[in-house]
Amino acid sequence: MSDQTDVQNGTGFDAPAFAERLYADFPEGLRTNMVMSIDGSVSFRGRVGPLSSPADRALFHALRALSDVVLVGAATARVEKYGPPTLSDELTELRSRNRWPGASDIPRLAIVTLTCTLPERSLDVPPEHRPIVITSAQADTSAVRGRAEIIALGDDGIDLTAAIAGLRARSLRRINCEGGPSLLDKLSEADLVDEFCVTMAPQVTAEGNPVTDPAAAVRSPLDTPRRFRLKHAVPHGDDVFLRYVR
């Protein structure tokens, strides 16, 4: 098997060791993890999977192992059929080596939603794996009541600043956000993101997006772009793993 075939299949990439060396120094805060095509798309036909390589998926799960809670928007949870996070034996060992006071055996799952319409797979779980539902104070929570822990804050939409504070009050201080784009925009607008982890995928999607199609751009509520500092840029095959921090 050639070296390039190894890269494409994800063999030869030790994700737990890679994550421990380059990502475990995140004591607390909100980290986002995403994959992006070289023409600026974060999905293809509504799905992230076509952009993600085996190495990217392995790192995705390793970053989960280094978190207290996985945060995701409801639309992404429905499309990607989210259930409670699970860890392989290798990732359990990674979590144990980097264990911090109060950490659970596996990360919690927190889903941001206005409608409380969630994938059944995320709700049909034992009580100890029940998700956290983050919604507004005006939301109808009857569909998830008794099946999830509910954080309901904000009269006009979801108060994400208060919700993130609510996660931290529950000792969930290492927050790993996996999207989608709308949630990332709202978190960025509220200045709640401490770190961006981006896999640059060697693909183009030809889907309308702000990079290639100005008509697809949404006017930002920010007066000026917020600047982050490049922590690392590490190539693996044709992927590039980028980490930006405050």
Side-chain angles (χ1 to χ4, degrees), residues 19 22-37 40-43 48 51-52 56 59-77 80 82 85 98 100 103 107-114 131-136 151 153-154 157-201 209-211 217-234 240-246:
L22 293 174
Y23 294 91
D25 61 336
F26 188 57
E28 63 178 64
L30 196 155
R31 159 187 281 166
T32 70
N33 182 25
M34 58 195 294
V35 61
M36 180 180 293
S37 69
S41 291
V42 294
S43 64
V48 174
L51 298 181
S52 182
D56 174 64
L59 180 60
F60 172 92
H61 288 288
L63 294 186
R64 282 185 164 193
L66 295 173
S67 69
D68 290 314
V69 59
V70 173
L71 180 68
V72 66
T76 297
E80 304 292 343
Y82 267 59
N98 294 274
W100 49 99
R108 299 284 303 273
L109 175 64
I111 303 176
V112 180
T113 174
L114 278 170
I132 299 168
V133 170
I134 296 174
T135 190
S136 77
I151 299 177
L153 296 164
I158 301 169
D159 186 338
L160 285 173
T161 300
I164 296 303
L167 293 178
R168 289 173 174 152
R170 290 164 170 78
S171 296
L172 303 174
R173 297 188 177 91
R174 288 184 174 186
I175 303 167
N176 185 48
C177 180
E178 297 176 352
S182 295
L183 177 58
L184 291 179
D185 284 348
K186 290 181 173 64
L187 292 168
S188 296
E189 179 183 349
D191 199 18
L192 294 170
V193 180
D194 299 296
E195 162 174 325
F196 286 89
C197 300
V198 182
T199 299
M200 187 62 67
N209 62 71
V211 174
V218 176
R219 184 176 177 85
S220 173
L222 302 181
D223 293 331
T224 58
R226 291 201 179 98
R227 187 174 182 84
F228 281 67
R229 176 174 58 86
L230 180 64
K231 180 81 170 178
H232 69 235
V234 181
V240 181
F241 298 116
L242 304 165
R243 184 184 178 194
Y244 289 92
V245 299
R246 284 188 183 273

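Starting from 1, each residue takes its place in the sequence as its number. Values reported hereafter were calculated over all heavy atoms of this structure, with side chains retained and with hydrogens, waters and symmetry mates removed. What you see is a predicted model; the values in this text were computed from it and never measured.
- Atom OG1 of residue Thr161 and atom CD of residue Glu189 lie 9.5 Å apart, to the nearest 0.5 angstrom.
- Scanning both residues, Asn98 and Arg174, for their nearest heavy atoms gives O-NH1, 4.0 Å.
- Interatomic distance, Ser43 OG to Met34 CE, rounded to the nearest 0.5 Å: 10.0 Å.
- For Ser188, there are no side-chain hydrogen bond (donor to acceptor under 3.5 Å, both in side chains) partners, not counting sequence neighbours.
- Tyr244 is linked by a side-chain hydrogen bond (donor to acceptor under 3.5 Å, both in side chains) to nothing, counting only residues two or more places apart in sequence or in another chain.
- No more than 12 heavy atoms of other residues, nucleotides or ligands sit less than 6.0 Å from atom CZ of Arg227.
- Residues Val112 and Leu160 are in side-chain contact: their nearest non-hydrogen atoms beyond the backbone lie under 4.5 Å apart.
- You'll find the side chain of Leu114 reaches within 4.5 Å of the side chain of Ile158, heavy atoms only.
- Of all heavy-atom pairs spanning Gly154 and Ser136, the tightest one is O-CB, 3.4 Å.
- Here the shortest heavy-atom pairing between Leu66 and Ala19 reads CD1-O, 3.9 Å.
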Problem - Evaluation steps, side chain to side chain contact (heavy atoms under 4.5 Å, CB included), between Leu183 and Val72 - result: CA-CA 8 Å; Leu183 177 58; Val72 66; 5.6 Å; no

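- The salt bridge (Lys or Arg N to Asp or Glu O under 4.0 Å) check on Asp194 picks up Arg168, Arg246, with sequence neighbours excluded.
- The side-chain heavy atoms of Tyr23 and Cys197, taken from C-beta on, include a pair separated by under 4.5 Å.
- Here CD of Glu195 is found 8.0 Å from OG1 of Thr32. Values are rounded to the nearest 0.5 Å.
- Residue pairs meeting the ring-ring contact (aromatic ring centres under 6.0 Å, His included) criterion with at least one member in residues 182-201, sequence neighbours excluded, are Phe196-Phe228.
- Shown here are the salt bridge (Lys or Arg N to Asp or Glu O under 4.0 Å) partners of Arg108, two or more places apart in sequence or in another chain: Glu149.
- The stretch residues 60-69 participates, sequence neighbours left out, in these side-chain hydrogen bond (donor to acceptor under 3.5 Å, both in side chains) pairs: Arg64-Glu178, Asp68-Trp100.
- Heavy atoms only, all atoms of each residue included: Ile134 and Ala110 are closest at CD1-CB, 4.3 Å.
- The salt bridge (Lys or Arg N to Asp or Glu O under 4.0 Å) check on Lys231 picks up Asp25, with sequence neighbours excluded.
- Residues satisfying the side-chain hydrogen bond (donor to acceptor under 3.5 Å, both in side chains) test with Thr199, not counting sequence neighbours, are Asp56.
- With sequence neighbours excluded, the residues satisfying salt bridge (Lys or Arg N to Asp or Glu O under 4.0 Å) with Glu80 are Arg47.
- By the side-chain contact (heavy atoms from CB on, under 4.5 Å) test, Thr113 pairs with Ala74, Thr115, Cys116, Leu118, Val133, sequence neighbours left out.
- To the nearest 0.5 Å, atoms CD1 (Ile164) and CG (Asp159) are separated by 10.0 Å.
- Between Val48 and Thr76, every side-chain heavy-atom pair lies at or beyond the 4.5 Å cut-off.
- Without hydrogens or angle criteria, Arg31 side chain to Phe26 main chain gives no donor-acceptor distance under 3.5 Å.
- You'll find the side chain of Leu59 stays beyond 4.5 Å of the side chain of Asn33, heavy atoms only.
- Contact check for Leu187 versus Cys177: side-chain heavy atoms found under the 4.5 Å cut-off.
- Among all heavy-atom pairs drawn from Val70 and Pro85, the shortest one is CG2-CG, 4.1 Å.
- Under the rule for a ring pair (Phe, Tyr, Trp, His ring centres under 6.0 Å), the partners of Phe241 that lie at least two apart in sequence or sit in another chain are Phe13, Phe18.
- To the nearest 0.5 Å, atoms CG (Leu167) and CG (Leu172) are separated by 6.0 Å.
- Residues passing the side-chain contact (heavy atoms from CB on, under 4.5 Å) test with Ser171, sequence neighbours excluded: Arg173.
- Between Leu184 and Val42 there is no side-chain heavy-atom pair separated by less than 4.5 Å.
- Ile111 and Gly73 make their closest contact through CG2-C, 4.3 Å (heavy atoms, listed as atom of the first residue, atom of the second, distance).
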